[in-house]
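To start, the structure itself, in C-alpha cells.
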Amino acid sequence: MEQLLHWCDLIGIVIFAFTGVLAAGHKQMDLFGAVVLACVTATGGGTTRDIILNIPVFWLEDSYYLWIAAATGVISFYVIRYLQVPMRLLMIADAMGLAVFVVIGTQKVLQLGHSPAIAIVMGVMTGTFGGLIRDILAGDIPLLLRREIYATAALSGAAVLVLLDATGKLPGEVVVATGILVTLAIRLAALRWNLSAPIARFGNN
C-alpha cells in the first residue's frame with residue numbers, strides 16, 4: 001500500500017508540474033517562470049496541507065520531490081517549444097493530477113488518525129491548491145473558483161475513499177484506485193459535456 005501511494009505521489013508531481021509548464025507556455029513565460037509554475041503547482045497543495053496539520057512539509061523531508069518537479073519543468077519547457085499543445089491538454093492533465101493528489105492527501109490524513117471530515121477537507125485542499133496557486137500566478141481565474149465542476153469532483157473522490165476505507169472490506173489498493181477513478185471520471189465528464197455548477201446571481205441579473 002505504501003509503495004502504491006509513493007508511486008501515485010510521484011506521478012502526481014510529474015503531472016501537475018507539466019500543467020504548470022503548459023500554463024506558463026500559454027502565457028509566454030521564460031524558462032524560470034515555467035519552472036517556478038511547475039514547482040508551485042506540484043507542491044502547493046501538499047505544502048498547504050502539511051502546514052495546516054503542523055507536520056513536516058513533505059518536500060523538505062524528501063527534497064527529491066522538488067527536484068523531480070523542477071526537472072519535469074525544464075524538460076516540459078523545451079518539449080512544448082516544438083509542439084503545439086492545446087489548452088484542452090492542460091485541462092485533461094490537470095484532471096489527472098487532481099484525481100491523484102486528492103486521494104493521496106485524503107489517505108495520508110486518514111493514516112495520521114484524523115477524522116473523516118478533516119481527511120476529506122485536506123484531500124480536496126491537496127488536490128486543488130497547487131492548481132489554484134498556478135492559475136493566480138499565471139493571471140487566470142482559478143479553476144477552483146469557476147463554475148466548472150472541479151471542487152465537486154475532488155470532494156466526491158475524497159468522500160468515496162473515506163466511505164470505502166470505513167467499511168474495511170476492500171483492500172487498500174482498491175480503495176485508492178476507486179477514489180482516483182471517481183474523481184477523474186467526474187472531472188472528465190464535466191469537460192466532455194461542459195457540465196457546470198450553478199453560479200451566483202444578484203436579483204434578476
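Remark: T128 pairs with no residue by the side chain to side chain donor-acceptor pair (under 3.5 Å) rule, at least two apart or across chains. With sequence neighbours excluded, the residues forming a side chain to side chain donor-acceptor pair (under 3.5 Å) with R187 are E148, listed by chain and number. The side chain to side chain donor-acceptor pair (under 3.5 Å) check on Q111 picks up E2, with sequence neighbours excluded. Residues satisfying the ring pair (Phe, Tyr, Trp, His ring centres under 6.0 Å) test with F58, not counting sequence neighbours, are Y65. Every residue two or more places apart in sequence or in another chain that forms a side-chain contact (heavy atoms from CB on, under 4.5 Å) with W67 is listed here: S63. Shown here are the salt bridge (Lys or Arg N to Asp or Glu O under 4.0 Å) partners of D50, two or more places apart in sequence or in another chain: K108. With sequence neighbours excluded, the residues satisfying salt bridge (Lys or Arg N to Asp or Glu O under 4.0 Å) with D140 are K27. Take S196 and apply the side chain to side chain donor-acceptor pair (under 3.5 Å) test, not counting sequence neighbours, and it matches R147. I186 meets the side-chain contact (heavy atoms from CB on, under 4.5 Å) test with I149, A153, S156, V182; sequence neighbours excluded.
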Only distances under 3.5 Å count here; give the side-chain donor-acceptor pairs of residues 72-82 to other protein atoms, sequence neighbours excluded, each with its distance to 0.1 Å.
residue, atom, partner, partner atom, Å
T72, OG1, I68, O, 2.8
S76, OG, T72, O, 2.7

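Note on residues 110-127: no pairs pass salt bridge (Lys or Arg N to Asp or Glu O under 4.0 Å), not counting sequence neighbours. Under the ring pair (Phe, Tyr, Trp, His ring centres under 6.0 Å) criterion, no residue pair touches residues 154-191, with sequence neighbours excluded.
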Problem - Verdict with supporting geometry, H26 and M87, side-chain contact (heavy atoms from CB on, under 4.5 Å) - result: CA-CA 8 Å; H26 283 282; M87 195 65 180; 3.6 Å; yes
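Under the 4.5 Å side-chain contact rule for hydrophobic residues, L163 and V102 do not share a cluster.
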